[in-house]
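Reckoned from all heavy atoms, side chains included, excluding hydrogens, waters and symmetry mates. When a residue number appears, it is its place in the shown sequence, counting from 1. Not measured: the values here are computed from a predicted model.
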Amino acid sequence: MALQTGATFGYMPSSIQKKALINQLVGFFYRDEVDIFAKSNSDTITLQDFVNQNTSNNYFDKVFLDITSKSTIDKVQLKKQLVDLRNSLNEFIVYYGGGEYYGSDASYGPVITTNKALQLQKTNNNEVERTIVASNNVKIYGLGFTQTDLTTQNIGIGNMKIKDVAFPYIKKNGNDVYQQLLFNNNSINDLAPAIYTKGIEFSKLGTNNMKGLATQAKAIIAGNLSSPIIYDNDGIGPNNPSSVALSGNDDFVKFNK
């Protein structure tokens, strides 16, 4: 597995970035499992037990029903592919958030559990952002951000703990790798602060262009602010999109989202 090879050499994101990815995957693909745990009598659950909960209405089952209701695709083959995909995703989550990878000696950034593996729990562990919420409004902690997460510095890939075995004849560190990635992605040899400044300038320019597009689109579609749009206020979260009217200073934000 590429992740295991990377960990051997110290190539990996910070513990906060690992947790953020698990948070996104659980929040999108495992809504039914979140609800099952929320209704259970258990206060904590490991990632392995969480993804293997017995559910007959998981995300991939819903995808199967949705596709087969609209096409004549081979159901047996489709079911097998979806089962394989689910099993692979389960395996990835258990490894990525487990002690071998998340709690690796090459890991950096705050590690939040004593056994150095992520888990879900119903007791608040001082999370302040991205807490997962079940459909019955029970909050599930363990994969959200604490204030420590938000204020910890030196968690970018430039701070990777590259091991000597990766470059036995040349001393390399995480920043060397980061600078190479910057060059590969931007085709310029500027340092990170200069690239960051340019990125901010381009983002501001893009924002102004989007505002112009939003204004023109609004005029073409309706011509007034009272026309409703379908707006999802929590992105990939559990809330359903709703119909809202554009108004005031939030026009651009809602149009963009």
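- Contact between Ala106 and Ala7 at its shortest, heavy atoms only, is CB-O, 4.2 Å.
- Tracing side-chain contacts under 4.5 Å through hydrophobic residues (I, L, V, M, F, W, Y), one never reaches Val83 starting from Val63; they form parts of separate clusters.
- Remark: Lys122 NZ to Asn41 CG distance equals 7.0 Å, nearest 0.5 Å.
- No side-chain heavy atom of Leu205 sits less than 4.5 Å from a side-chain heavy atom of Glu201.
- The CD atom of Gln147 sits 9.0 Å away from atom CG of Asp149, with the distance rounded to the nearest 0.5 Å.
- Membership of the apolar cluster around Phe145 extends to Ile16, Val128, Leu150, Ile155, as traced through chained side-chain contacts below 4.5 Å between ILVMFWY residues.
- Taking every heavy atom of both residues into account, Asp105 and Lys163 meet most closely at OD1-NZ, 3.2 Å.
- Checked by atom type and distance alone, the side chain of Ser40 pairs as donor or acceptor with a backbone atom of Phe37 at under 3.5 Å.
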Quick one: do Lys18 and Ser107 satisfy side-chain hydrogen bond (donor to acceptor under 3.5 Å, both in side chains)? Show the steps, please.
CA-CA 10 Å; Lys18 296 173 192 174; Ser107 190; 3.2 Å; yes
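- Here salt bridge (charged side-chain N to carboxylate O under 4.0 Å, His left out) pairs that include residues 55-82, with residues two or more places apart or in two chains, are Asp61-Lys79, Asp66-Lys70, Lys80-Asp84.
- Annotation for Asn136: atom CG counts as buried by contact number, over 12 foreign heavy atoms lying within 6.0 Å.
- In this structure a side-chain-to-backbone donor-acceptor pair under 3.5 Å is missing from Asp32 to Thr55.
- The aromatic rings of Phe29 and Phe60 sit parallel, their planes meeting at an angle under 30°, below the 60° perpendicular limit.
- Without hydrogens or angle criteria, Tyr108 side chain to Met12 main chain gives a donor-acceptor distance under 3.5 Å.
- In this structure, CD on Gln121 lies 9.5 Å from CD1 on Ile140, to the nearest 0.5 angstrom.
- Between the side chain of Glu129 and the main chain of Gly144, no donor-acceptor pair closer than 3.5 Å is present.
- Linking Ile, Leu, Val, Met, Phe, Trp and Tyr whenever their side-chain heavy atoms come within less than 4.5 Å leaves Val133 and Ile36 in two separate clusters.
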Before you tell me yes or no, could you show the steps for Thr146 and Asn126 under side-chain hydrogen bond (donor to acceptor under 3.5 Å, both in side chains), namely the whole-Å CA-CA distance, both residues' side-chain angles and the distance that decides it to 0.1 Å?
CA-CA 6 Å; Thr146 65; Asn126 299 316; over 6 Å; no
Going through the distances and angles, do Leu85 and Leu89 end up as a side-chain contact (heavy atoms from CB on, under 4.5 Å)?
CA-CA 6 Å; Leu85 181 59; Leu89 184 58; 5.7 Å; no
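- No donor-acceptor pair under 3.5 Å is formed between the side chain of Lys19 and the backbone N or O of Tyr102.
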Give the C-alpha distance, both sets of side-chain angles, the deciding distance and a yes or no for side-chain contact (heavy atoms from CB on, under 4.5 Å) between Asn124 and Lys139.
CA-CA 8 Å; Asn124 192 349; Lys139 292 184 177 181; over 6 Å; no
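- Leu21 is listed as a side-chain neighbour of Phe92, based on a closest heavy-atom distance under 4.5 Å.
- Using cut-offs of 30° and 60° for the angle between ring planes, the Tyr11 and Phe9 rings count as perpendicular.
- The main-chain N or O of Asn173 is found under 3.5 Å from a side-chain atom of Asp176 such that the two form a donor-acceptor pair.
- Atom CD of Gln179 has more than 12 heavy atoms from other residues, nucleotides or ligands within 6.0 Å.
- The line from CD of Gln119 to CG of Leu143 is 9.5 Å long, rounded to the nearest 0.5 Å.
- Closest approach of Asp35 to Ala134, counting heavy atoms only: OD1-CB, 3.4 Å.
- Using a 4.5 Å cut-off between side-chain heavy atoms of Ile, Leu, Val, Met, Phe, Trp and Tyr, with links allowed through other members, Leu118 and Tyr141 fall into different hydrophobic clusters.
- Contact detail for Ala38 and Val138: the closest heavy-atom pair is CB-CB, 3.9 Å.
- Counting only distance, with no hydrogens or angles, the side chain of Ser15 and the backbone of Pro110 share a donor-acceptor pair below 3.5 Å.
- Taking OG1 of Thr46 as the reference point, atom CG of Asn52 lies at 8.5 Å (rounded to 0.5 Å).
- Side-chain atoms of Asp43 and Thr123 include a donor-acceptor pair closer than 3.5 Å.
- Leu47 CG to Ile22 CD1: the interatomic distance, rounded to the nearest 0.5 Å, is 6.0 Å.
- Pro13 and Tyr101 make their closest contact through CD-OH, 3.5 Å (heavy atoms, listed as atom of the first residue, atom of the second, distance).
- Remark: the backbone N or O of Phe50 is paired with a side-chain donor or acceptor of Gln53 at under 3.5 angstrom.
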The test is side-chain contact (heavy atoms from CB on, under 4.5 Å); show your working for Val177 and Ile157 and say whether it passes.
CA-CA 8 Å; Val177 177; Ile157 60 175; 5.7 Å; no
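- Using a cutoff of 4.0 Å between basic side-chain nitrogens and carboxylate oxygens, Glu33 and Arg86 are scored as salt-bridged.
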